[in-house]
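What you are looking at is a predicted structure, and each value in this text was computed from that prediction instead of being measured.
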Amino acid sequence: MSTLKDRLSDGLYGAGWATVKKLPEPVAAGLGRRIADFAWKRRGKSVLRLESNLARVVPDAGPERLAELSKAGMRSYMRYWMESFRLPTWSTEQVERGVDIKGVHHLQDGLAAGRGVILALPHLANWDLAGVWVTRCLGVPFTTVAERLKPETLYDRFVAYRESLGMEVLPHTGGSAFGTLARRLRAGGLICLVADRDLSASGTEVTFFGDTTRMPAGPAILAQQTGALLLPVTLWYDDTSVMRGRIHAPVDVPESGTRAEKTSEMTQALAAAFAGGIADHPEDWHMLQRLWLADLEERPEPVVGAEPGGERVE
């Protein structure tokens, strides 16, 4: 049964990449909305979890408002997929027209000074599109880390897809990712990490929307060890076809404290920046899994193909 489900997942994603990228833009967008609305009406586990997460983000929202947010959230989530399936066909001009990022000087100034730069993002809007914008429109290559998906063929598909977009992709497992990322930063390079969910025992506990969760310690530790600039990034969609975003001011390394204390303080600062962006655009936060420690069961959820992000560096 597991093998059959793995093959089905891989086949569905393969069909998406092969078929959706050939559709005209309005057709693909309409298809995404229809799929999102169908999934939302079914009220499956992912939709219910999304609503539960959004209830923490918007605590004064009643059932009707939460339903509106979750429906918009599923549409945003499917927009991510429709865009991602089509990204390999986008021209540089199309990417440039489709992305508007403020605060780019933080990134450019850090690279110009010869410092490595770490961009840390939550699961907001389309981080793959933001990555393509960085490589094509800014002309800056970067390195990222990918969680191993099931089945292995699907993981290979994701790696090949992201590498085709100009990213260097390292596997999370194997123990060598951290060292490679540190070398890239010491050489003045750029790394990008999705960093709002880490349920491993080594994640750093933070307060997030009033309760405790864990986020990856890697961004803060890498900044401490390499002297790299740590920059939070938030993304969102508006009512147009353009994805907006902001590169926030650097998270500085505290002047005093142990490494653990510095890591905790810096990761909490990242969480605060993420929370601000999520609160402003809750419908664009694609968190369809358990996040807060109070919501976790004894056994963590497996990493499956339906989760597009999940990158972490411990």
Side-chain angles (χ1 to χ4, degrees), residues 7-39 72-101 104 107 119 121 123-147 149 151-170 190-194 233 235-245 283-284 286 305-311:
R7 289 178 179 173
L8 180 60
S9 295
D10 186 40
L12 288 173
Y13 283 99
W17 267 297
T19 304
V20 174
K21 68 181 180 182
K22 298 177 182 178
L23 298 176
E25 198 80 31
V27 175
L31 175 62
R33 287 192 296 271
R34 287 194 294 273
I35 294 173
D37 290 350
F38 175 77
M74 292 304 295
R75 287 188 170 191
S76 176
Y77 182 59
M78 287 311 303
R79 177 174 171 176
Y80 164 88
W81 281 112
M82 294 297 109
E83 287 179 346
S84 295
F85 286 144
R86 295 173 56 77
L87 271 180
T89 69
W90 282 25
S91 65
T92 298
E93 292 75 19
Q94 190 173 1
V95 174
E96 193 162 18
R97 291 195 306 269
V99 179
D100 177 31
I101 306 290
V104 182
L107 169 61
L119 296 182
L121 308 85
H123 287 80
L124 272 170
N126 192 335
W127 45 96
D128 284 333
L129 175 55
V132 174
W133 179 80
V134 167
T135 58
R136 291 190 189 175
C137 300
L138 297 185
V140 180
F142 69 87
T143 303
T144 189
V145 173
E147 193 88 47
L149 303 175
E152 191 74 15
T153 52
L154 182 57
Y155 168 78
D156 293 340
R157 196 186 294 275
F158 266 98
V159 170
Y161 155 70
R162 284 172 173 160
E163 288 180 341
S164 76
L165 300 177
M167 311 174 193
E168 180 188 22
V169 182
L170 306 176
L190 171 66
I191 68 170
C192 300
L193 301 169
V194 180
V233 180
L235 306 169
W236 65 91
Y237 293 126
D238 58 17
D239 294 330
T240 72
S241 59
V242 178
M243 182 181 73
R244 313 290 176 178
E283 68 278 5
D284 291 325
H286 305 156
E307 182 178 356
E311 292 87 347

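Here the closest non-hydrogen pair linking M74 and A36 is O-CB, 3.3 Å. Nearest heavy-atom pair across C137 and V95 is SG-CG1, 4.0 Å. Of all non-hydrogen atoms in P141 and L190, the two that sit nearest each other are O-CB, 3.9 Å. Of all heavy-atom pairs spanning D128 and M167, the tightest one is O-CE, 3.7 Å.
Between E283 and R75 no salt bridge is recorded (no basic side-chain N to carboxylate O distance below 4.0 Å). The pair E83-R79 meets the salt-bridge criterion, since a charged nitrogen lies less than 4.0 angstrom from a carboxylate oxygen.
Taken to the nearest 0.5 Å, the CH2 atom of W81 stands 16.0 Å off from the CZ atom of R86. Rounding to the nearest 0.5 angstrom, the gap separating the OG atom in S76 from the CE atom in M243 is 10.5 Å. In this structure, CG on D284 lies 7.0 Å from OH on Y237, to the nearest 0.5 angstrom. Taking OG1 from T92 and CZ from R136, the interatomic distance works out to 5.0 Å, rounded to the nearest 0.5 Å. Interatomic distance, CG of L235 versus CG of N126, reported as 8.0 Å (0.5 Å rounding).
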How far apart are the C-alpha atoms of L107 and L138, what are their side-chain angles, what is the distance that settles it, and do they pass the side-chain contact (heavy atoms from CB on, under 4.5 Å) test?
CA-CA 10 Å; L107 169 61; L138 297 185; 3.7 Å; yes

L31/R34 under side-chain contact (heavy atoms from CB on, under 4.5 Å): CA gap, chis, key distance, verdict:
CA-CA 5 Å; L31 175 62; R34 287 194 294 273; 4.1 Å; yes

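Residues meeting the side chain to side chain contact (heavy atoms under 4.5 Å, CB included) test with P24, sequence neighbours left out: P26, V27. Considering only residues two or more places apart in sequence or on other chains, W90 meets the ring pair (Phe, Tyr, Trp, His ring centres under 6.0 Å) condition with none of them.
At a threshold of 4.5 Å between non-hydrogen side-chain atoms, the residues T135 and L165 do not count as touching.
T144 contributes a side-chain N or O that, together with a main-chain N or O of C192, makes up a donor-acceptor pair within less than 3.5 Å.
Each of V233, L119, L121 was evaluated against W127; a single residue qualifies, L121, per the side chain to side chain contact (heavy atoms under 4.5 Å, CB included) test.
Taking the six-membered ring where tryptophan is involved, the planes of Y77 and H286 are perpendicular, since the angle between them exceeds 60° and thus also 30°.
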